[in-house]
Amino acid sequence: MTIYDSLFLLYSIGLVISIICIIGVALQKPSDEQKLMLLIAFFAFLISLGYWLGIQANSAEAIIIADKLMYLGGCSLYFLFVLFFVRYYKIKAPILFFPLFGLLCLLLIGATLTMDLHHWFYQSYAFVYKTGVPVLLKEYGILHTIYMIMEAAVVVGLIVVVIDQSRKRKDKEWWEPLLLVAVPLIPAAIHLSKLYLPIQIEIAAIGILISELLLIVLIYRLKIYDINDTAKQLIIDSMDDAIIVVDHNYQYKEVNEQAIVLFPDFAKAKKDTGLAEISPDLDQILRAQETSLCYRESRIYEPRIRTIRRNSQIRGYVIWYQDVTEAEKRKELILNYQQDLQQEVVQKTAQIKEIQEQVIISFANIIEIRDTITGEHVRRTSLYAEKIAAVLLQNGDYPETVNEHFIRLLYAAAPLHDVGKIMVSDSILNKPGKLTEAEWILMKKHAENGQKILENALSKIEDVDYYKMVCEVARYHHERWIGGGYPDALSGEAIPLSARIMAIADVFDALTSARPYKEIYDFDTAFDIIKNERGLQFDPILVDAFLSIRKEIEAIAIDQGN
């Protein structure tokens, strides 16, 4: 068998394999990758066809036509290889990369298709026979050099990409990236090496043949073109959710099996039919972007609409009827449970609060009873303090401090203002006459002792605001506005507001109550004493607030048995 016969057989086999590759790719499930591989197989066929025609040429013009086919296939093939690898590995290429690369490939395609009209690709060429094989002896031009550089750059770039992605991704077999990169590498390596080897015949066809065999392996073994789409479709069809896909003109494109169950009209509907013709309700939902719950066959579905965009343009819509039956049942159970729990918490909180108030009042009453004072003193002083604070809130006085929360805390803290008296002896508390200097010193200690008792008793409670206020009223309710009070001789606003309010409430109740060391004052006298201490013992603003509600104060005093 002559060299000519061997090459003709080789080129013919390559041509047949190219056709097989095209058919094999075309039979795959349509996908973006399959479309790319179909183009790759087609341009590989053009290269094989060029070699096959070239081996039968009997003139320079015939070989030139064969070369045009080969370079047309080559320029397009390398562009498609780069695009395929970028999509396969999901690489984000620079914005201008493909436009510039595509422009270069188009320039080279134009140069090859007109290679017989200029000297930029082939400076000169001559038709000869070598060992019975038609050969075109060529002297290459600048554009051919650019083509070879582009070819080498693509191969090197793809090798770098495969090595880098193989290092990052461990989800693929080790031989798979080698197989992928071998497809463009082998023919390019043979083509480039021909420049340095003393071979006059075209041996690059051998590389093309090998690459086409590898393409067949990729098609029928790896299934890289449609396996993802097949898996996605299988998952979508097995979903309990209904999926309806329409284009930007509201033309029906695709549905899954559950959508046909919910909307039987899709079973007979033809694709590219207007959605309004198939299901007016769905068309209205899509156009109005409604997402209200839908009840069908004892199941609950929530429609969700997703817009399909490409290059900032709306290409279509997905209507997704998600089965939320179980979620809605759980939500209802949780809501009912929360409502029951909330109601129970409110009841328990009210009970606990009532118990706490009773404990506090009882504790305070024990202290006051030792002072031969009825337990109603605790209730009255709490109510007086609450009323004064309410007037401050109404008038907008001390707005940075006084609010509804402050008033509630003050009412709860007031009963314990004299808790320190538990450490004062009965002989001092109930002495009918004036206290001696030593006895008075011991009596004044009740403010400090009250704070210490409360700090020890309440230090672990979660209500920090209550803890702070109850300690304030216990320690500072005997301080004076102009100073000179006890235990710290504070003055003005250095005295906590809660303690300043407590001071007025405590003194007024003491004036209008029977004590071992004094008689009961009538209301007129008691109010005059409070008024006269305005700006001296008491905060002027608080005195004005207290005097403004005299009728309410008197009503409390009378109602609470004073």
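Remember, it's a predicted structure, so these values are computed and weren't measured experimentally.
Under the 4.5 Å side-chain criterion, counting only non-hydrogen atoms from C-beta, Arg379 is not in contact with Ile556. Taking 4.5 Å as the limit, every side-chain heavy atom of Trp320 sits out of range of all side-chain heavy atoms of Tyr301. Here the side chains of Phe546 and Leu542 are not in contact, with every heavy-atom distance at 4.5 Å or above. A 4.5 Å side-chain heavy-atom check between Ile244 and Phe266 finds at least one atom pair inside the cut-off.
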Does the pair Asp247 and Arg315 meet the rule for a salt bridge (Lys or Arg N to Asp or Glu O under 4.0 Å), with working shown?
CA-CA 6 Å; Asp247 64 13; Arg315 306 302 295 270; over 6 Å; no
Evaluate Leu393 against Ile407 for side-chain contact (heavy atoms from CB on, under 4.5 Å), listing each step before the verdict.
CA-CA 9 Å; Leu393 179 61; Ile407 295 174; 3.8 Å; yes
Given Ile453 and Leu416, is the side-chain contact (heavy atoms from CB on, under 4.5 Å) satisfied, shown in steps?
CA-CA 10 Å; Ile453 291 171; Leu416 296 176; over 6 Å; no
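Listed by chain and number, the residues in a side-chain hydrogen bond (donor to acceptor under 3.5 Å, both in side chains) with Asp488 are Arg475 (sequence neighbours excluded). By the ring-ring contact (aromatic ring centres under 6.0 Å, His included) test, Tyr521 is found to be paired with no residue, residues two or more places apart in sequence or in another chain being considered. With sequence neighbours left out, Asp465 forms a side chain to side chain contact (heavy atoms under 4.5 Å, CB included) with His405, Leu409, Asp463. For Lys444, the side chain to side chain contact (heavy atoms under 4.5 Å, CB included) test picks out Trp440, Tyr486, with sequence neighbours left out. Scanning for ring-ring contact (aromatic ring centres under 6.0 Å, His included) contacts around Phe101 gives Phe79, Phe97, with sequence neighbours left out. Taking the side chain to side chain contact (heavy atoms under 4.5 Å, CB included) definition, one finds that Lys531 meets it with Leu547, sequence neighbours left out.
The pair Asp524-Arg550 counts as a salt bridge, with a side-chain nitrogen and a carboxylate oxygen less than 4.0 angstrom apart. The residues Arg534 and Asp544 are annotated as salt-bridged, a charged nitrogen and a carboxylate oxygen being separated by less than 4.0 angstrom. Ion pair Arg304/Glu302 flagged as a salt bridge, since at least one NZ, NE, NH1 or NH2 atom sits closer than 4.0 Å to an Asp/Glu carboxylate oxygen. Salt-bridge check for Lys271 with Glu254: passed, with a basic side-chain N closer than 4.0 Å to an acidic carboxylate O.
Between His477 and His417, the ring planes are perpendicular. Angles over 60° get that label, and only those under 30° would be called parallel.
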